[in-house]
Amino acid sequence: MKKGDHLFLVDGSGFIFRAFHAIPALNRKSDGLPVNAVSGFCNMLWKLLTDARDTSVGVTPTHFAVIFDYSSKTFRNELYPEYKANRSAPPEDLIPQFGLIRHATKAFNLPCIEIEGYEADDIIATYARQAEAIGADVTIISSDKDLMQLVTPNVHMYDSMKDKQISIPEVIEKWGVPPEKMIDLQALTGDSTDNVPGVPGIGPKTAAQLLEEFGDLDTLLARAGEIKQQKRRENILANAELVKISRQLVTLKTDTPVDMALEDLMLHPQDGPKLIAFLKAMEFTTLTRRVAEATGTDASAIEPAAVPVEWGAAAHGPDLDKGEASGGPAAPAAAEPAKLDAPKAATPAGARESEAFAIERAGLFKDQPIDRSLYETIRDIATLDRWIADARETGLVAFDTETNSLDAMQADLVGFSLALSDSRDTGRPGTIRAAYVPLGHRSGSDDLFGGNDLAPNQIPMAEALPRLRALLEDPAVLKVAQNLKYDYLVMKRHGVEVKSFDDTMLISYVLEGGIGTHGMDPLSERWLGHTPIAFKDVAGSGKSLVSFDRVEIDKATAYAAEDADVTLRLWFAMKPLLAARGLTSVYERLERPLVPVLARMEERGISVDRQILSRLSGELAQGAAALEDEIYQLAGERFNIGSPKQLGDILFGKMGLPGGAKTKTGQWSTSAQVLEDLAAAGLELPRRIVDWRQLTKLKSTYTDALPGYIHPETKRVHTSYSLASTTTGRLSSSEPNLQNIPVRNAEGRKIRTAFISTPGRKLISADYSQIELRVLAHVADIPQLRQAFADGIDIHAMTASEMFGVPVEGMPSEVRRRAKAINFGIVYGISAFGLANQLGIERSEAGDYIKRYFERFPGIRDYMEATKAGARDKGYVETVFGRRIHYPDIRSSNPSVRAFNERAAINAPIQGSAADIIRRAMIRIEPALVEAKLNARMLLQVHDELIFEVEDAEIEATLPVIVDVMENAAMPALSMRVPLKVDARAAHNWDEAH
DNA sequence: CCCCAACCGTA
DNA sequence: GTACGGTTGGGGG
């Protein structure tokens, strides 16, 4: 540093408190995290860094530092134990912001300085004097009177909130004394907030007058007897010693042992991406935009940083991948298994506060009932532009598409709706406005003679789409949707890629997994007590169903705008609860990022060979027909074999076979199990029925149905994944379900040969080996299981060996089969009844097995008991990543209902943790492939398996990338006690790849 | 036309 | 014993 340089010193700690009280507390992140002080801080820093010359500071800094108090205990407490003793704890909403402001400082590439045992003011004083000595100028960003003693011709202060420079004249004007006498003045007056004693009856005015008269404090104390006013004289004489202590307390140290030299405070250029990542994480949309513009950074390409939030004493939910996104060191410490039997941790104060806030915000619109008559239909570009400008101004918009099909791969855009509220930026409950923009509605009926014309007064699609794209692709505007994956796909097919979004369905899924469903209508009922217009009341149903482009525009407006309105209200109600319950990481790491990943998988689809299916269908038809003839012969009459009722009547009524089980409704059961038992007794007919069922099942469900799902344009099959329809966190697949394609026997596996790669490519199938048992070994921490997985030995054989004392070498297959059934049973929340069923043995024998198993693996029993107890206690269980799965019926008085819930509660953390792991792998795999410059495309997920389509030339390079990402998917959030193992191979069809 | 039960394919 | 979705038959409206 040299003469002429200009050092800015920001009083960070002082700023936090001032900004916190100056900016409305409703200024929060969308998940409820209070960020008002952080917001003010960032805006102030940005202003000073870019614009200081245009403020009343009038100069641009060359050096810059932000200074913080380290802790409340400093050397002053040794001097005077009562110093700052009357400080109360900071407000709960402020606590998490202390850490965030330090993160902000670092994001701005600024030194963040704090020293144990010293106050920020001492550090500031030290640097100010050092710089001044060199001949540099100093501006202290603070308006705290405690710092005014530092002001000189070269050292100034700046009140950033009032944009006011504080120099010598300003100090004199305010306090009546020049800066160098501020110490004496403060010593005389004391400071009630810091608990610094002063002289009773002496305030700033009197103190200034006395100092004017006597020159300085020492002279005043020496000649106090000359003071004319009796009371004042007595008070000063009585408190002379205390005043000397006060003077020491208020005198700032200018020799604080600072680590960083002045040179180190030199201002560096902003790191645009780093800063933007932080600002996005804080959801400061306006500042993000400004920084992006100023640094020439493409903000849309930057992911929000993972900023750890500390609520104070108690942990605040699992902090997934702390440091991962910020590029810091990984934290591979093994997470403890859920200690469900431990005393419950006290709810963090911050969490309580946030929950209260969430409830308050949920009720924000209570006095603003949903009124469909207020919805607007936007029919001209000027109005649309105004709405989009408003959305960009508030940074928040609910969005919903209306299309002519429920299938996102076929749907054409018919219109879209928007809902806005200005609540976020004003900190007050705003008015919700919602509108529908019809684009492709048609007039009249779609008969053969016309009626296909566009209805009048609609904005042309070609003019609306670019405007919509500007909004949806703007990373500074948070788009809120319900089941966004659908809208994301529709818009992607229209050339628009949504960036920055929230999905109310996924928020609900994270908050209330296991409680109800997460569709918009049930959510509206539960959270808003409002019943939205039913789709069928707008578009009809069944035979009278019309596509949405035939719906009259006024009706469409009421329906569509309401959807956006409700979605926005749901978001306001639910989003804050994520943070309040410590579930933000689950949502942001396991749910939200999967939306574009799944959308791309669905869009890609998989190639299915029509010819193979057609040939198989013929073979199956022939086989079934032959069996039908034999069945009618054996039964002595023709009947509908596919009707379990008719079949039961024939078998157990007419033919008088020994009936096995009965169904819930009292009918004879004709399940495969019952028929197999009869077949085992040598009966022909049941055998034929079982075979016939298999063939007709394959035919109707697969070979006949799949061709109907081949997309007319892509010629591929595009399944749809549901992110929020299982309780455990698994995905589900439908239309068609590609997660239940046969594999277990040769006949069924033929179906898989129809799933093929395009020429020049192959399919890679990569599946986790025994992932659920590995998760079990991890969470229950079972030494033998951990050892077996570490050594890579056959887990079922090991179990059998432990239980029955049989050596693994030369083990009879039946022994291993039983152990395998027990291992599976454990994962499913074993019961003697179920195991007996599975193995075809007596309940008592199954019970003995279980008993023996628990003797050998007592940790498993402990885990199961602890899981049940925890579920009973809290109403939910958790996966290793903190996903909650609720079991509201686990306390049912009905023993079978209760037992069922207990088994499900035992299974859920295991199945759910495995599901979370593959979710993480799926989120990471695409960036990893891009990084490796590979073109593999992920197509399908089948719970523990991922299917890719890969160019022939890249297969060898791709396999290890996929395996690596999958095997390490739990890291670094969780370092498992057992390794994950993935098998992967490539082939031209799914059967051979698997 | 809608819904449920039974059955069966997958992990 | 856990978690799903699809097909069929069949009852009720």
Side-chain angles (χ1 to χ4, degrees), chain A residues 514 536 540-545 639-648 661-675 689-690 693-702 704-706 708-709 719-722 725-745 747-749 751-752 767-773 776 821-839 843 846 849-850 864 877 885 887 896 899-912 914-915 918 940-945 994:
Chain A
K536 66 172 173 11
S541 67
K543 207 177 161 190
S544 68
L545 178 74
F639 65 101
N640 188 342
I641 308 169
S643 163
K645 182 170 150 45
Q646 292 182 36
L647 178 61
K662 18 35 218 155
T663 68
K664 278 197 283 253
T665 53
Q667 295 265 321
W668 290 113
S669 169
T670 64
S671 68
Q673 183 62 62
V674 169
L675 299 182
I689 306 276
V690 168
R693 277 196 181 156
Q694 189 197 38
L695 299 189
T696 54
K697 169 87 175 180
L698 293 175
K699 183 169 186 290
S700 65
T701 306
Y702 303 104
D704 288 355
L706 280 171
Y709 287 102
T719 185
S720 175
Y721 289 104
S722 171
S725 60
T726 72
T727 46
T728 54
R730 274 189 177 181
L731 305 179
S732 75
S733 158
S734 63
E735 293 178 292
N737 181 356
L738 296 185
Q739 291 179 323
N740 72 343
I741 303 301
V743 72
R744 288 177 188 171
N745 63 57
E747 200 62 36
R749 247 190 334 260
I751 310 279
R752 290 199 170 212
D767 68 297
Y768 283 105
S769 163
Q770 306 284 9
I771 188 169
E772 293 191 353
L773 281 174
L776 176 66
I822 293 167
N823 276 334
F824 275 95
I826 293 295
V827 169
Y828 295 154
I830 203 157
S831 75
F833 179 85
L835 183 63
N837 253 352
Q838 177 68 29
L839 288 175
R843 273 248 288 279
Y849 282 1
I850 295 169
M864 292 173 73
V877 294
I885 300 146
Y887 289 96
S896 71
F900 175 81
N901 277 275
E902 287 174 351
R903 290 193 298 272
I906 288 167
N907 172 255
I910 302 169
Q911 187 184 118
I918 198 167
L940 303 178
Q941 189 250 41
V942 192
H943 308 308
D944 65 357
E945 175 189 15
H994 188 266

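When heavy atoms are screened at a 4.0 angstrom cut-off, Arg903(A) is found touching the sugar-phosphate backbone but no base atom. The residue Gln667(A) sits apart from the nucleic acid: no heavy atom pair falls under 4.0 Å. Here Gly642(A) lies in heavy-atom contact (under 4.0 Å) with sugar-phosphate atoms only. Contacts of Ile830(A) with the nucleic acid, taken as non-hydrogen atoms under 4.0 Å apart, include base atoms. Ser831(A) comes within 4.0 angstrom of a nucleotide base, judged by non-hydrogen atoms across all strands. Counting any heavy atom pair closer than 4.0 Å across all strands shown, Thr696(A) reaches no nucleic acid atom. Residue Ala914(A) is classed as having no contact, given no heavy-atom separation below 4.0 Å to the nucleic acid. Using a 4.0 Å heavy-atom cutoff across all strands shown, Ala899(A) reaches no nucleic acid atom at all. Across all strands shown, Phe824(A) has no heavy atoms under 4.0 Å from either base or sugar-phosphate atoms. Using a 4.0 Å heavy-atom distance criterion, Ala672(A) is classed as a sugar-phosphate-only contact. Using a 4.0 Å heavy-atom cutoff across all strands shown, Ser541(A) reaches sugar-phosphate atoms only and no base atom. No engagement by Glu772(A) is indicated, since no non-hydrogen atom pair under 4.0 Å with the nucleic acid exists. Residue contacts shown for Val942(A) are limited to sugar-phosphate atoms, with no base heavy atom under 4.0 Å away.
Taking the side chain of Gln694(A) as heavy atoms from C-beta on, and the options dG1(C), dG9(B), dC8(B), the nearest nucleotide is dG9(B). Of all nucleotides listed (dC7(B), dG9(B), dA6(B)), dA6(B) comes nearest to the side chain of Lys664(A). Checked against dC7(B), dG9(B), dG5(C), the side chain of Pro742(A) finds its nearest nucleotide in dG9(B). Distances were taken from every side-chain heavy atom of Thr663(A) (C-beta onward) to each of dC7(B), dG9(B), dA11(B); the shortest belongs to dC7(B). When the nucleotides dA6(B), dA11(B), dC1(B) are ranked by their closest atom to the side chain of His943(A), dA11(B) comes out on top. Closest contact between the side chain of Asn837(A) and the listed nucleotides dA6(B), dG1(C), dT2(C) involves dG1(C). Among the nucleotides dT7(C), dA11(B), dG5(C), the one closest to any side-chain atom of Asp944(A) is dA11(B). Closest to the side chain of Gln838(A), out of dG1(C), dC7(B), dG10(C), is dG1(C).
The phosphate of dA3(C) has neither OP1 nor OP2 within less than 4.0 Å of any side-chain N or O from Gln739(A). Phosphate contact (OP1/OP2 of dA6(B), side-chain N/O of Thr665(A), threshold under 4.0 Å): present. Ser725(A) has a side-chain polar atom (N or O) that falls below the 4.0 Å cut-off from OP1 or OP2 of dG5(C). Look at Thr670(A) and you'll find a side-chain N or O under 4.0 angstrom from OP1 or OP2 of dC7(B). Residue Ser669(A) has a polar side-chain atom (N or O) positioned under 4.0 Å from OP1 or OP2 of dC7(B). For dA11(B), the OP1/OP2 oxygens have no side-chain nitrogen or oxygen of Asn740(A) closer than 4.0 Å. Applying the 4.0 Å criterion to OP1 and OP2 of dG5(C), one finds that Thr726(A) has every side-chain N and O outside that range.
Summarising the geometry, the separation between NZ on Lys699(A) and P on dG9(B) is reported as 16 Å, rounded to the nearest angstrom. Atom-to-atom, CG of Asn907(A) to P of dA3(C) comes out at 6 Å; the value is rounded to the nearest Å. In this structure, Arg730(A) places its CZ atom 8 Å from C1' of dT2(C), rounding to the nearest Å. Atom CD1 of Ile771(A) is separated from atom P of dA3(C) by 18 Å (rounded to the nearest Å). The nearest whole Å value for the distance from the CG atom in Leu835(A) to the P atom in dT2(C) is 13 Å. As rounded to whole Å, 18 Å separates atom P of dC8(B) from atom CG of Asp704(A). The interatomic distance linking Gln941(A) (CD) with dC4(C) (C1') rounds to 12 Å, in whole Å. With rounding to whole Å, Lys697(A) atom NZ is found 10 Å from dT8(C) atom C1'.
Nucleotide dA6(B) forms a Watson-Crick or G-U wobble pair with dT7(C), both donor-acceptor distances falling under 3.5 Å.
Within 3.5 Å, no donor on the side chain of Asn737(A) pairs with an acceptor on the base of dG5(C), nor the reverse. Not a single donor-acceptor contact under 3.5 angstrom links the side-chain atoms of Arg693(A) to the base of dA6(B).
Side-chain atoms of Gln941(A) and Leu731(A), non-hydrogen and from C-beta on, do get closer than 4.5 Å to each other. Residues Thr719(A) and Gln739(A) have side chains not in contact (no heavy-atom distance under 4.5 Å, counting atoms from C-beta outward). Side-chain atoms of Glu747(A) and Leu698(A), non-hydrogen and from C-beta on, do get closer than 4.5 Å to each other. Between Tyr702(A) and Asn740(A) there is a side-chain heavy-atom pair separated by less than 4.5 Å.
Within the structure, no pair that satisfies the salt bridge (charged side-chain N to carboxylate O under 4.0 Å, His left out) test touches residues 827-836 of chain A, not counting sequence neighbours.
Between the side chains of Arg693(A) and Thr670(A), at least one donor-acceptor pair of N or O atoms lies under 3.5 Å. A donor atom on one side chain and an acceptor atom on the other are not found under 3.5 Å apart for Thr663(A) and Ser669(A). Looking at Ser734(A) and Ser720(A), their side chains never bring a donor and an acceptor atom within 3.5 Å of each other.
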